[in-house]
Amino acid sequence: MRASRFHLATLKETPVDAEIISHQLMLRAGMIRRHAAGIYSWLPLGLRILRKVEQIIREEMDRAGALELLMPSFQPAELWQESGRWDQFGPELLRLRDRHDRDACIGPTHEEIVTDIFRREVNSYRQLPLNFYQIQTKFRDEIRPRFGVMRSREFIMKDAYSFDIDKEGMQRSYDIMDQAYINIFDRFGLDYRAVSADSGAIGGSTSQEFHVLADSGEDAIAFSEQGDFAANIETVEALPPRIERSAASAEMQTVDTPGMYTIEDLANGLGVSAQQCMKTLIVEAEDGGLVALVLRGDHELNALKAERLDGVASPLRLAQREQITATLGSDIGSIGPIGLNLKTIVDHSAAVVGDFVCGANQDDKHFINANWGRDCEEPVKADIRNVVDGDPSPGSTGQLKILRGIEVGHIFQLGQKYSESMQAAVLDENGKGIAPFMGCYGIGVTRVVAAAIEQNHDAQGIIWPAALAPFQLAICPINYHKSEVVKQATDDLYQQCLTRGLEVFLDDRALRPGVIFSDMELIGIPHRIVLSERGITAQQFEYKGRSDDSAQELPLDELKTFVDKLYPDQCAPG
RNA sequence: CGGGGUGUAGCGCAGCCUGGUAGCGCAACUGCUUUGGGAGCAGUGGGUCGGGAGUUCGAAUCUCUCCACCCCGACCA
């Protein structure tokens, strides 16, 4: 591709409303443009990358025996009413009505459609197992779309659905997809982790997420460095500490703590560690009342664990400040478990702390040297916190390490939820109708592109892994339009690359070298060759890999073989 | 949805308080010079000042209203 024939649409300035680096770089590189909140066009450069991602997915899905099809975005309401999700789904489901006043939606996912296809097309267990997939545009009317294509309303997803006659078959299909996903993410060339996850509202027993690791990731994942345990932090059990509670050493006292509202204030103000302080959170109870949850000051509440507790409202809701002050008589910031007239549940780690600091349930007062069992009743204990770095790994050896990730893939076992509600049955060998066991498998295609950038960039721009790069090699001639020798050498090299099927980008624009270099680095092409009059006179060309610190000068007569060696796969044999 | 904020040229912004008919930088276009890290000079084009209503002789500016977009939303107890 010649730059002069391409729509290279780079921006020098960073658009103000792009908060995260991938969004900024995608806009600056001219990959995407926004039309409305969470609605983007993919410009030619961005689309090339998107297609790379899709192609890898397609090849590996095909290899795993899945069959590609294409389902509609516009979906009739009847199917959603059959599955029951027309009423269950919140406002994320974009509903609309056609000219005949028929209800419909723009599909956020395709279980209903694929089940409808299945029940019309498949009648016999002999046709199973079966796995249909598509790469298609989804629409979810997010409350707050942000981070560019990371969380947009319209996005491209690969979704696959497997059908089996029994659970064992479903497990086999799931395992095949698990392996296919590993192959896909390996081929992307990204640093990722597969972790076990909460199956959430979709149901089913087994579920795994695939996360691209990046410090900016919205999810925390925990894994054992010694064992093979890895899971989304929201699902990880915090094992109760093995140690006994430390003994009380002093009488409980009340101290004045004006202006100290947070654990940090308190720890600094009293000169104790956050671990020594109790964090008391007030949440809504099922019956409309309140429940107190007590954590060690340095720990965080795990909402999933908390909402499963007896008596706690699900989904978890923190109590309104007004309700707290009205019920307890003291403001938030001074609440503690001692003398608190509420159902109280204490995290295991908080329950072994002796001589702790906690709110005194009077404004601007805290207790010090408080002790469980002495100053109040023995606590009701539960696991309600997120695990932290260094916690013991459940079901495995070693300690947990916490990393941040971006969820780009999720595989589930659905069971018979949709096949039963939508009456999709096949006949088994005895001629009896059986609702098949389904699995569903998603990859956020557009999100993979953004995640790849979050993980791989520098001050100059994007650094694509080779498998996702829009072009493999940038040829940057200096004075292409002035120097006949430069033009000659450049055209020769360009022609050679085209012949070899190499995806090459020739920047033949009549621009100053600095502009060309900056653009090539911004759009992240992995390799760069510079041809200049100066170099050619010295019988040299310059090469620089995108993440190399500096360029190297190499003999001009090795240029052809050098390029061939860069891409052995793409070179013609011999 | 609640709270806060912003809408002026493709992008980034000033002008608004104190009303007088719109400006800067980048980008674009033309010409000349320049050519190894986002050039210089000269010139050109481009704006319903988010929409509507109102006040006024006169509104980007004041008032009302609608819209769009952005940010924050529980770890604080």
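With a cut-off of 3.5 Å on both Watson-Crick or G-U wobble distances, the partner of B:G38 is given as none. Pairing of B:G46, defined by two Watson-Crick or G-U wobble distances under 3.5 Å, is not identified with any nucleotide. Nucleotide B:A22 is matched to nothing when pairs are restricted to Watson-Crick or G-U wobble geometry with both distances under 3.5 angstrom. Across the strands present, B:U6 finds its partner in B:A68; the criterion is a Watson-Crick or G-U wobble pair with both atom distances under 3.5 angstrom. The partner of B:C75 is absent, by the rule that a Watson-Crick or G-U pair needs both atom distances under 3.5 Å. Nucleotide B:C62: paired with B:G54 (Watson-Crick or G-U wobble, both distances less than 3.5 Å).
Near RNA chain B, defined here as any heavy-atom distance below 4.0 Å, the residues from residues 18-41 of chain A are A:E19, A:R28, A:R34, A:A37, listed numerically. Residues from residues 519-529 of chain A placing a heavy atom under 4.0 Å of any atom in RNA chain B, listed by number, are A:D519, A:E521, A:R528.
Taking the C1' atoms as reference points, B:G43 lies 29 Å from B:A60, given to the whole Å. B:G45 and B:C24: their P atoms are spaced 13 Å apart (whole Å). Across the P atoms, B:C67 and B:C76 are found 36 Å apart, a figure rounded to whole Å. If you take atom C1' in B:G20 and the same atom in B:G7, they sit 24 Å apart, rounded to whole Å. As rounded to the nearest Å, B:U61 and B:A42 have C1' atoms that lie 35 Å from one another. Annotation: B:G58 and B:U21 have their P atoms spaced 15 Å apart (nearest Å). Annotation: B:U48 and B:U8 have their C1' atoms spaced 12 Å apart (nearest Å). With P as the reference atom, B:U56 and B:G19 are 16 Å apart, rounded to whole Å.
Not a single donor-acceptor pair under 3.5 Å links the side chain of A:S4 to the backbone N or O of A:R509. A donor-acceptor distance shorter than 3.5 angstrom exists from the side chain of A:K544 to the backbone of A:D548, with no hydrogens or angles considered. Between the side chain of A:N268 and the main chain of A:G271, no donor-acceptor pair closer than 3.5 Å is present. With A:E533 contributing its side chain and A:V486 its backbone, the two residues share no donor-acceptor pair below 3.5 Å.
Remark: C1' of B:G37 and CD1 of A:I478 are 9 Å apart, rounded to the nearest angstrom. The CD atom of A:E13 sits 6 Å away from the C1' atom of B:C11 (whole-angstrom rounding). Between the CG atom of A:L511 and the C1' atom of B:A27 there is a distance of 13 Å, rounded to whole Å. B:C71 atom P lies 11 Å from atom CZ of A:R151, rounded to whole Å.
Note on A:R385 versus A:D391: salt bridge recorded, some NZ/NE/NH1/NH2 to OD/OE distance being below 4.0 Å. Of the charged side-chain nitrogens involved, at least one lies within less than 4.0 Å of a carboxylate oxygen, so that A:R546 and A:D458 count as a salt-bridged pair. Salt bridge status for A:R2 with A:D491: present, with a side-chain N to carboxylate O gap under 4.0 Å. The pair A:D219-A:R404 does not count as a salt bridge, with every side-chain nitrogen at least 4.0 angstrom from each carboxylate oxygen.
Scanning for side chain to side chain donor-acceptor pair (under 3.5 Å) contacts around A:Q455 gives an empty result, with sequence neighbours left out. Checked against ring-ring contact (aromatic ring centres under 6.0 Å, His included), A:W372 has the following partners two or more places apart in sequence or in another chain: A:F356.
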Distances under 3.5 Å between protein N/O atoms and the N/O atoms of nucleotides 73-77 of chain B, please, pair by pair.
unit_1: B:C75; atom_1: O2; unit_2: A:L301; atom_2: N; d: 3.0
unit_1: B:C75; atom_1: N3; unit_2: A:L301; atom_2: O; d: 3.4
unit_1: B:C76; atom_1: O3'; unit_2: A:Y261; atom_2: O; d: 3.4
unit_1: B:A77; atom_1: OP1; unit_2: A:I263; atom_2: N; d: 2.1
unit_1: B:A77; atom_1: O3'; unit_2: A:I335; atom_2: O; d: 3.1
unit_1: B:A77; atom_1: O2'; unit_2: A:G333; atom_2: N; d: 3.2
unit_1: B:A77; atom_1: O2'; unit_2: A:I335; atom_2: N; d: 3.4

Within the sub-3.5 Å range, which N or O atoms of nucleotides 39-44 of chain B have a protein N or O partner, and how far apart are they?
unit_1: B:A39; atom_1: OP2; unit_2: A:R512; atom_2: NE; d: 3.3

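Of the residues A:V449, A:T446, A:V149, the one that meets the side chain to side chain contact (heavy atoms under 4.5 Å, CB included) test with A:I32 is A:V149. Of the listed residues (A:F562, A:F505, A:W464, A:Y543), just one forms a ring-ring contact (aromatic ring centres under 6.0 Å, His included) with A:H527, and that residue is A:Y543.
Heavy atoms of other residues, nucleotides or ligands lying less than 6.0 angstrom from CG of A:N341 number 12 at most.
Between A:F471 and A:F6, the ring centre distance stays below 6.0 Å.
For the pair A:R528 and A:F517, the cation-pi test (distance below 6.0 Å, angle within 45°) is passed.
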